[in-house]
Novice: 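One structure coming up, written as structure tokens, with questions to follow.
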Amino acid sequence: MIESKKKKHSHWYTLLLCVVAIALIGIVFALLSAFGVFRYWQAEKTEQGDTALSFSRATLPFIHVADLDNSLPFLGSAAFDADGDGVDELFLGGGDTQADKLFKFDNGGFVALNYNFPKDSVDATHGAASIDIDNDGDVDLYTARESGIWFHENNGESFNTIKLPIELAENTTPLSISFGDINQDGLADMYIAGYIKIDQVEGETIFSDNYGGYSYLMLNQGDNQWKDISKEAGVWRQHNTFLGVFTDLDNDMDSDLVIAQDTGKVEMYENTGDLQFKPIANPSVYSYPMGVAVGDYDNDGLMDLYFSNVGYTLPAKLLRGDLQEDDPFNMSYMLFHNDGNLKFSDTAEAMNVAKLGFGWGTVSADMNLDGREDLLAAQNYARLPGVDLLERYPGKILQNYGSHFAPVEVAAGAENPHFGIAPVVSDFNNDGWPDLVWANIAGESLAYINNGGSKNWLKVHLPNNSGSLGAIVTLERTDGATLTKQFLTSQGLGSDQGRDLIFGLGNESTQRVTVQFQNGSKEIFESPANGSMIKASAKTSNQ
């Protein structure tokens, strides 16, 4: 009898264990299924396009060291000709306790140069932009650091580093710097994008006004003296801002301003010519515009704009933050087609560049030299909880096929699965083909050298100084096509692209190149040879 009861209890115990085990298996299966569904939902579905683009990985001995608990997740990067040999070097900003570095491409890889950029013992470098500010022929460098704006004067053999006496709001960390001559006096003026300091961040999905850092429009007074005209110019406000880019949106030969704000909208301002900026209506609604790319993607002679966004990494309910239910909200990337007369329409979905993963810096460049501007976007986010469980995006090279864009970074061998902040594009090996560096947060930056091909090209070199800012360069090909580029700084995010303008000619040649400078001067070059560089210059008022 007692033995019978023991067997009965054992039976029920075994049954209970089976039930618990089945329940646990069911829970695990459900979690894995939900996770799988989520991974599938937030993965990019766009297939790779056909491409002749091909890249080879080059060594780049730089691993960004970031304290993401005590520092904003950004790093400055720039391609500029530091030594005056006609070929760009690569600048990468260090984290809080890490030195900034300058690299040169040599013998198949990037090697560190013996340049020193002194900084405070704890001071991350978030942004960089280059320009020959004093017109002495040596390209200088500006950096946005946690401590403020720093000037690195190039004396031809080294850099003399000083912190500029530009007072920023106590709650503000500068993220990026851009240059434009807004009053056409031959002096480069500066826009400083500001973000709230890391120790004052209340959340990353706050859309409310009166939260965030301050940004500044600084008028160049000469001799590296700057005057804050943000309020008088009509661009002063408190809001976390990633960057501003000066570009001539209406071809009236002055510098307009495009601003990408976190948890906000795209802001665009027309330069009225009297140090006043007038808001330009645009198609953006509440979103997370981060990177700004500027280029004429349809060859109509007007600059179009491409903005990254959060994409479909996380559900909209999490990303809407403090927005009201009826507030319009957009997670997609935005491609603003310039319709003329300062009118813009968002063609991102129609051109197949809207639904991508979490994006940062964006750049426009003709990577395959077919005469159409391609788009690039850095991706991934180092501060998302459980980010390693999410889909890692490879960074985007969006090839322009005329009727649409398609990603080709995997097919071309230039993926970037790390935490990208900006692409940096320049011809680092001086073969006429644009190369690519992915500047990455909290890890290794990746360099890819373009293997080239049979397409023809032409380079146009303008001095990297204030006289070239806003210049419009038009190339007429022998087949009747017209290509247009502008000389501008700070595409991407906290980054600066190579200044030489590389025109893709496809299988054609060049009939004429016209360079129009903002000071009214013009240069025309007839029938330059394929595979050559032409040099234009405009005298500035202080030369």
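On a predicted model such as this, the values are computed, not experimentally measured, just so you know.
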Novice: Can any side-chain N or O of Gln276 pair as donor or acceptor with the backbone N or O of Glu232 at less than 3.5 Å?
Specialist: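 Between the backbone of Glu232 and the side chain of Gln276 there is a qualifying donor-acceptor contact (under 3.5 Å).
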Novice: Aromatic contact between Tyr216 and Trp236, with the criterion being ring centroids under 6.0 Å apart: yes or no?
Specialist: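 So the answer is yes for these two rings.
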Novice: Check the pair Phe117 / Leu102 against side-chain contact (heavy atoms from CB on, under 4.5 Å), numbers first and verdict last.
Specialist: CA-CA 9 Å; Phe117 302 93; Leu102 191 67; 4.1 Å; yes
Novice: Quick one, Asp262 with His239, criterion side-chain contact (heavy atoms from CB on, under 4.5 Å). Give me CA distance, side-chain angles, the key distance, then yes/no.
Specialist: CA-CA 8 Å; Asp262 195 11; His239 202 100; 5.6 Å; no
Novice: If the condition is side-chain hydrogen bond (donor to acceptor under 3.5 Å, both in side chains), which residues does Ser445 pass it with, not counting sequence neighbours?
Specialist: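 So Ser445 forms no side-chain hydrogen bond (donor to acceptor under 3.5 Å, both in side chains) with any residue.
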Novice: Indicate yes or no for a side-chain donor-acceptor contact from Asp181 to the backbone of Asp185 under 3.5 Å, with no hydrogens or angles considered.
Specialist: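 Yes, Asp181 side chain to Asp185 backbone: donor-acceptor pair under 3.5 Å.
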Novice: Would you sort out whether Lys459 and Asn430 count as a side chain to side chain donor-acceptor pair (under 3.5 Å), showing the intermediate values?
Specialist: CA-CA 11 Å; Lys459 282 187 182 181; Asn430 200 31; 3.3 Å; yes
Novice: Indicate yes or no for a side-chain donor-acceptor contact from Asn440 to the backbone of Gly443 under 3.5 Å, with no hydrogens or angles considered.
Specialist: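 Here the side-chain-to-backbone pair does not exist.
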Novice: Taking it one step at a time, do Glu444 and Arg57 satisfy salt bridge (charged side-chain N to carboxylate O under 4.0 Å, His left out)?
Specialist: CA-CA 13 Å; Glu444 181 183 16; Arg57 175 84 176 271; 3.1 Å; yes
Novice: Which heavy atom of Ser255 sits nearest to which heavy atom of Gln518, and what is that distance?
Specialist: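 Scanning both residues completely, I find the closest heavy atoms to be OG-NE2, 3.1 Å.
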Novice: When you compare the side chain of Val473 with that of Gln486, does any pair of heavy atoms fall below 4.5 Å?
Specialist: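 No; the side chains remain at least 4.5 Å from each other.
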Novice: Do Gln261 and Val266 have side chains that get closer than 4.5 Å, going by heavy atoms?
Specialist: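 In short, these two side chains do not touch, never coming nearer than 4.5 Å.
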Novice: Check the angle between the aromatic planes of Tyr448 and Phe55 and answer parallel, tilted or perpendicular using the 30° and 60° thresholds.
Specialist: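 Perpendicular.
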Novice: Can you confirm whether Ser364 sits close enough to Tyr306 that some side-chain heavy atom of one is under 4.5 Å from a side-chain heavy atom of the other?
Specialist: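 Answer no - side chains too far apart.
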Novice: Please confirm whether the backbone N or O of Glu202 pairs with a side-chain atom of Tyr211, one donor and one acceptor, at under 3.5 Å?
Specialist: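 Checked: pair present.
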Novice: Distance from Glu409 atom CD to Lys396 atom NZ, nearest 0.5 Å?
Specialist: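 Going from CD on Glu409 over to NZ on Lys396, the span is 4.0 Å.
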Novice: Are the side chains of Ile192 and Leu217 in contact, using a 4.5 Å heavy-atom criterion?
Specialist: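 SC-SC contact between Leu217 and Ile192 ruled out.
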Novice: According to ring pair (Phe, Tyr, Trp, His ring centres under 6.0 Å), does anything in residues 260-281 pair up with another residue at least two apart or in another chain? List the pairs.
Specialist: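 Ring pair (Phe, Tyr, Trp, His ring centres under 6.0 Å) check on residues 260-281 returns no pairs.
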Novice: Show your working on side chain to side chain donor-acceptor pair (under 3.5 Å) between Asn251 and Asp248 and close with a plain yes or no.
Specialist: CA-CA 6 Å; Asn251 290 351; Asp248 189 350; over 6 Å; no
Novice: Should Asp123 and Trp150 count as side-chain neighbours, where that means a heavy-atom distance under 4.5 Å?
Specialist: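 Result yes, sub-4.5 Å side-chain heavy-atom pair found.
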Novice: Mind checking whether Trp433 and Asp366 have side chains closer than 4.5 Å, heavy atoms only?
Specialist: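 Contact flag for Trp433/Asp366 side chains = no.
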Novice: Tell me, please, which residues at least two apart from Glu415 pass salt bridge (Lys or Arg N to Asp or Glu O under 4.0 Å).
Specialist: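 By the salt bridge (Lys or Arg N to Asp or Glu O under 4.0 Å) rule, Glu415 matches no residue at all.
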Novice: If you apply the rule side chain to side chain donor-acceptor pair (under 3.5 Å), what do you find for Tyr297 with Glu373, and how did you get there?
Specialist: CA-CA 5 Å; Tyr297 80 81; Glu373 289 289 294; over 6 Å; no
Novice: Just do the side-chain contact (heavy atoms from CB on, under 4.5 Å) check on Leu305 and Val294 with the steps written out, would you?
Specialist: CA-CA 5 Å; Leu305 306 166; Val294 182; 3.8 Å; yes
Novice: Not counting sequence neighbours, which residues clear side-chain contact (heavy atoms from CB on, under 4.5 Å) with Asp322? List them please.
Specialist: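 In terms of side-chain contact (heavy atoms from CB on, under 4.5 Å), with neighbours along the sequence ignored, Asp322 is linked to Ile206, Phe207, Ser208.
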Novice: List for me each residue that meets side-chain hydrogen bond (donor to acceptor under 3.5 Å, both in side chains) alongside His152, sequence neighbours excluded, and say none if there are none.
Specialist: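 Scan of His152 (side-chain hydrogen bond (donor to acceptor under 3.5 Å, both in side chains), adjacent residues dropped) gives Thr143, Thr161.
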Novice: If you take all heavy atoms of Asn220 and Ala188, which pair is closest and at what distance?
Specialist: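 Minimum heavy-atom separation between Asn220 and Ala188: ND2-O, 2.9 Å.
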Novice: Is there a side chain to side chain donor-acceptor pair (under 3.5 Å) between Lys119 and Thr125 once you walk through the steps?
Specialist: CA-CA 9 Å; Lys119 62 195 299 187; Thr125 301; 3.2 Å; yes
Novice: Taking the side chain from Arg499 and the backbone from Ser130, do they hold a donor-acceptor pair closer than 3.5 Å?
Specialist: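 Between the backbone of Ser130 and the side chain of Arg499 there is a qualifying donor-acceptor contact (under 3.5 Å).
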Novice: Using every non-hydrogen atom in the two residues, find where Leu249 and Met268 come nearest and quote the distance to one decimal.
Specialist: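 Of all heavy-atom pairs spanning Leu249 and Met268, the closest is CD1-CE, 3.9 Å.
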Novice: What is the minimum heavy-atom distance between Val424 and Ala78, and which atoms define it?
Specialist: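 In terms of heavy atoms, the two residues are closest at CG1-C, 4.3 Å.
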Novice: What I'd like to find out is whether the side chain of Val353 reaches to under 4.5 Å of the side chain of Tyr333, using heavy atoms alone.
Specialist: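 A side-chain contact is absent here, since even the closest heavy-atom pair is not under 4.5 Å.
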Novice: Ala193: what forms a side-chain contact (heavy atoms from CB on, under 4.5 Å) with it, not counting sequence neighbours?
Specialist: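 With sequence neighbours excluded, Ala193 shows a side-chain contact (heavy atoms from CB on, under 4.5 Å) to Ser176, Tyr191, Ser215, Thr241, given in chain and number order.
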Novice: Between Asn154 (side chain) and Val139 (backbone), is there a donor-acceptor pair under 3.5 Å?
Specialist: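 Flag set: sc Asn154 to bb Val139 pair under 3.5 Å.
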Novice: For Gln221, does its backbone N or O pair with a side-chain atom of Trp226 as donor and acceptor, under 3.5 Å?
Specialist: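 Answer holds: no.
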Novice: Provide the closest heavy-atom pair for Ala260 versus Met290 in the form atom of the first, atom of the second, distance.
Specialist: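 The pair with the smallest heavy-atom distance is CB-O, 3.4 Å.
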Novice: For the side-chain hydrogen bond (donor to acceptor under 3.5 Å, both in side chains) test, which of Asp100, Thr173, Asp120 pairs with Arg145?
Specialist: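 For Arg145, the side-chain hydrogen bond (donor to acceptor under 3.5 Å, both in side chains) check succeeds only for Asp100.
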Novice: Within a strict 4.5 Å, meaning less than it, do heavy atoms of the Ile182 and Phe246 side chains meet?
Specialist: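 They are in side-chain contact.
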Novice: Checking Asn309 side chain against Asn330 main chain: does a donor-acceptor pair fall under 3.5 Å?
Specialist: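 Here the side-chain-to-backbone pair exists.
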Novice: Going by the salt bridge (Lys or Arg N to Asp or Glu O under 4.0 Å) test, which pairs reach into residues 433-442, not counting sequence neighbours?
Specialist: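 Residue pairs passing salt bridge (Lys or Arg N to Asp or Glu O under 4.0 Å), neighbours aside: none found.
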Novice: Can any side-chain N or O of Asp96 pair as donor or acceptor with the backbone N or O of Ala124 at less than 3.5 Å?
Specialist: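 Not a single qualifying donor-acceptor pair exists.
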Novice: Report yes or no: does Asp296 contribute a side-chain atom to a donor-acceptor pair with the main-chain N or O of Met303 at less than 3.5 Å?
Specialist: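 Answer holds: no.
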Novice: For Asp199, enumerate each residue passing the side-chain contact (heavy atoms from CB on, under 4.5 Å) test, keeping only those at least two apart in sequence or located in another chain.
Specialist: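 Scan of Asp199 (side-chain contact (heavy atoms from CB on, under 4.5 Å), adjacent residues dropped) gives Lys197.
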Novice: Over all heavy atoms of both residues, which pair between Ile177 and Ser490 is shortest? Give the atoms and the distance, please.
Specialist: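 Here Ile177 and Ser490 meet closest at O-OG, 2.6 Å.
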Novice: side-chain hydrogen bond (donor to acceptor under 3.5 Å, both in side chains) with Ser426: which residues, sequence neighbours excluded?
Specialist: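 So Ser426 forms a side-chain hydrogen bond (donor to acceptor under 3.5 Å, both in side chains) with Asp88.
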Novice: My understanding is that only residues two or more places apart in sequence, or in another chain, count here; which of them pass ring pair (Phe, Tyr, Trp, His ring centres under 6.0 Å) with Phe110?
Specialist: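 Listed in chain order: Phe105, Phe428.
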Novice: Output all residues satisfying salt bridge (Lys or Arg N to Asp or Glu O under 4.0 Å) with Asp83, sequence neighbours left out; order by chain, then residue number.
Specialist: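 Salt bridge (Lys or Arg N to Asp or Glu O under 4.0 Å) check on Asp83 returns Lys104.
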Novice: Just jot down the side-chain hydrogen bond (donor to acceptor under 3.5 Å, both in side chains) partners of Asp81, sequence neighbours excluded, or say none.
Specialist: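 Once residues adjacent in sequence are excluded, Asp81 has no partner under the side-chain hydrogen bond (donor to acceptor under 3.5 Å, both in side chains) criterion.
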Novice: With ring centroids as reference points, do Tyr195 and Phe242 lie under 6.0 angstrom apart?
Specialist: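 Yes, close enough.
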Novice: Assess Lys101 against Phe91: is NZ or CZ under 6.0 Å from the centre of the six-membered ring, and within 45 degrees of the ring's axis?
Specialist: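 Judged by the rule, Lys101 and Phe91 form no cation-pi pair.
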